[in-house]
Structures are given as C-alpha cells and as structure tokens.
Amino acid sequence: LEEVEPVDPAQSTMVMHGAVLDIFDDGGLLKTTLRQGDAALGCPPPLSRCKVRYIASVLPACSRFEALVKDFQMGEEQVPRGLEKCVGSMRKGETCELICRAEYAYGDEGKPPSVPSGASIRYEVELISWVAPKKERFELTDLERYEEALRIKAEGTTAFASGLWLEAQVKYHEATRLLLNDFDELRPPVGKELDARALVLACTLNVAMCALKREEWFAADKACTECLARFADPMGKEKEQHAKALFRRAKARIGMSDFDDARKDVKAAHALNPNSREVHELWDMLKEREGKSEKAEAKVYAKMTNKLVYR
C-alpha cells in the first residue's frame, strides 16, 4: 500500500488526526478524515451519482486488491454497503481512511480470488464529485423552482443562439411552467416576487419569438396575449416589454391575415415607442400584405362572377 506523502501544511488542507468516526456505532465501520473537503457543498444526498477514487486492501496484511476511479449510483448496491455509507458522509475533495468489517464489505462470500470469506477491508477514499438526483417538479421548493427556471432559460438562450428554434421554445415554455401553479398563477419564492414575475414575462415573450421564427402564428399570438394579461405596470417599468408583446402579436396576426387586429397592435406599439424603426417597418409590411390579400380576393371574386355570367 502506498503511504500518503508528507505535505506542507501551509500549502494544503490535509488534516492528519486520531479522531475516528464510528459510523454505525458498533465498531464495524470506522472513518478517519485525512483531508477536509468543501463544506459549502454539503454531503451527497441519497440516490446521488458519485465519483470516487479509492485503494482497497485486505486486512490484516494490507494486501491491495483494487485501486481505481469509480462512478456509481447510491442506493443501487454497486459498491459495498460500508463504502457507500462512508461516501454519503463525505464532502467533495475529502479524503479518508475507512476500516470496514466483513458484514459492511464482502461478507461471508468474499470476493474471490482476492478477498477471502469474512475479511475486513481498509479503504483510502477520495470523493471527487457528486450529482444530486433530479427532483420531480412537485418536490421542488419555490426557490428551487425559480433557480431551475433560470437554468432552463439559459439553456433556451443557448439553443436560440444556435438557431434551434423548437428546442429553445420548449425550454422557455418549461421555465415558465415552473413558476406557475395549476391555475396559471405566479408562484414566486419569498423575497423574489418581482424577479420571478420578470422571468415569466421574459420567457413568455421568448416563446413568442421562437414561434415567430418557426412561423407558428397561433402559438406566437397566444404567448403574447398571455404576456399582455400578466403586465402589472404596462405603461411604466414594463413599458418596453409591453411594446415587444404588441409588436410580436401584430407580426403573428399579419401571418394569420388578421389585419384588423394586427393594425390595432401596431398602432398601440407605435404609441409606446414612436421612434422604433421596426414598428414602422411592420406597418409597411402590414399595408403590403393587406394590399396583396385584397388583390387576391378580388381575383377570386372576379373568377366566381365570370363563371356565374357564362353558366
């Protein structure tokens, strides 16, 4: 077995001491910390995915039989019970020595040919990293929902920047749903009511933007209408978002040839932002599309009239 090399205390967090933790209070699983880990991250909760580096030796001869890096799922019996229990008490970066009696190691069966029946095992373990299991939506606290929504929104923005409109649209919608209850009412964490509201509005507007990119006019119209219904201060702090929602809904309604309602939205957006070049361009688009639609309708009407005259 390789011994731990001496380390300069000024350059390391290595702590060598004689304090032993009796994990099961029966002397069968003894843990001695060799180096402290990152206390800020805490210990891995049940069912976490853990990555460890360890050296395993059979006692009392300390004959090494295993030295590897292992990635395992807690609760799946992928490592001996004692080793998993120990890892559950560790922090990221922590190194410890573990003395594991047979019932917490390989028991009476052993691990032929290296580990005989009833052998105790010594481990030197380092917890490299761990990932907590993903909770179901109903298990998340309001704060966890908010933080998850922020993360998913960032993923949506990355997808949008890559031109993945559908993937981005799904991400933005998912982020929005995390912050709403079953009655579509805002469910913010305490102290973050304004931030949560702003996040819902931003994600809903982004859903509309993605839908416009994909020419899903009805979905874009619906998202903008939902957004407009949620504004608390549309002529004040939310004025810019108010104008965006009207602009995007007008664009969707032009796509659906709903020119009367589109005209109302463009005029309302212009009232909020009279110097916007995009609003002026949208107005020109509206007039052009409406003119083409009228000409097309006139041609259809003319054909129908001719058929009636010459029947």
Side-chain angles (χ1 to χ4, degrees), residues 1-136 139-141 144:
L1 180 67
E2 295 179 357
E3 297 181 356
V4 178
E5 296 181 2
V7 179
D8 181 357
Q11 299 178 358
S12 173
T13 56
M14 181 73 77
V15 179
M16 301 296 293
H17 54 77
V20 176
L21 174 63
D22 188 348
I23 294 178
F24 285 124
D25 292 324
D26 63 356
L29 193 63
L30 306 177
K31 172 190 172 186
T32 304
T33 300
L34 305 177
R35 177 163 54 195
Q36 301 285 358
D38 188 348
L41 299 177
C43 301
L47 305 181
S48 293
R49 191 80 190 174
C50 300
K51 185 175 184 179
V52 297
R53 179 185 292 109
Y54 68 83
I55 299 171
S57 307
V58 178
L59 295 175
C62 269
S63 54
R64 182 192 301 184
F65 66 91
E66 209 166 55
L68 48 79
V69 173
K70 188 174 183 67
D71 194 327
F72 72 94
Q73 179 80 42
M74 295 179 70
E76 297 293 331
E77 299 183 355
Q78 296 174 359
V79 296
R81 178 188 173 195
L83 178 57
E84 179 175 320
K85 186 69 175 179
C86 173
V87 171
S89 72
M90 297 175 70
R91 295 177 171 85
K92 182 180 177 181
E94 180 179 339
T95 302
C96 74
E97 178 191 61
L98 181 68
I99 305 299
C100 209
R101 212 161 53 199
E103 61 263 39
Y104 302 127
Y106 295 101
D108 292 335
E109 295 181 359
K111 187 181 180 182
S114 305
V115 181
S117 171
S120 295
I121 305 297
R122 177 189 182 273
Y123 290 99
E124 185 174 320
V125 190
E126 177 189 359
L127 177 56
I128 299 172
S129 63
W130 58 268
V131 178
K134 186 175 181 180
K135 294 182 179 180
E136 296 294 334
E139 296 177 311
L140 298 174
T141 66
E144 287 172 334

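None of these values were measured; they are calculated from a predicted model. For the numbers below, each heavy atom of this structure counts, side chains included, while hydrogens, waters and symmetry mates do not.
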- Please walk me through it: do R49 and Q73 pass side-chain contact (heavy atoms from CB on, under 4.5 Å)? CA-CA 5 Å; R49 191 80 190 174; Q73 179 80 42; 3.2 Å; yes
- Task: Check the pair L98 / Y104 against side-chain contact (heavy atoms from CB on, under 4.5 Å), numbers first and verdict last.
- Result: CA-CA 11 Å; L98 181 68; Y104 302 127; over 6 Å; no
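Across all non-hydrogen atoms, the minimal contact from C62 to L59 is SG-CD2, 3.7 Å. Closest approach of C50 and M74 over heavy atoms only: SG-SD, 3.5 Å. In terms of heavy-atom proximity, K70 sits nearest to V79 at CE-CG1, 3.5 Å. Counting all heavy atoms, side chain and backbone alike, R91 lies closest to C43 at CG-SG, 4.1 Å.
Counting only heavy atoms from C-beta outward, the side chains of V87 and F72 approach each other to under 4.5 Å. Side-chain contact between V52 and I128: absent, with no pair of heavy atoms (C-beta onward) separated by less than 4.5 Å. Between P133 and S48 the shortest side-chain heavy-atom distance falls below 4.5 Å. Here the side chains of V58 and P116 are in contact, with some heavy-atom distance below 4.5 Å. P45 has its side chain within reach of W130: a pair of non-hydrogen atoms, C-beta onward, lies under 4.5 Å apart.
Under the 3.5 Å distance criterion, the side-chain polar atoms of T141 are matched with a main-chain donor or acceptor of E144. Checked by atom type and distance alone, the side chain of S117 pairs as donor or acceptor with a backbone atom of D108 at under 3.5 Å.
Around atom CD of E139, more than 12 heavy atoms belonging to other residues, nucleotides or ligands sit under 6.0 Å away.
For the atom pair CG (L41) and CD (E94), the distance works out to 12.0 Å, reported to the nearest 0.5 Å. M90 CE to K85 NZ: the interatomic distance, rounded to the nearest 0.5 Å, is 14.5 Å. Expressed to the nearest 0.5 Å, how far NZ of K31 lies from CG of D22 amounts to 12.5 Å. Atom-to-atom distance recorded for L34:CG and C96:SG is 6.5 Å, nearest 0.5 angstrom. Interatomic distance, OH of Y54 versus SG of C86, reported as 12.5 Å (0.5 Å rounding). In this structure, NZ on K134 lies 15.5 Å from CG on L47, to the nearest 0.5 angstrom.
Both tests hold for R81 against F24: distance to the six-membered ring centre under 6.0 Å, angle to the ring axis within 45°.
Partner of E66 under the salt bridge (charged side-chain N to carboxylate O under 4.0 Å, His left out) criterion, out of R53, K111, R122: K111 alone.
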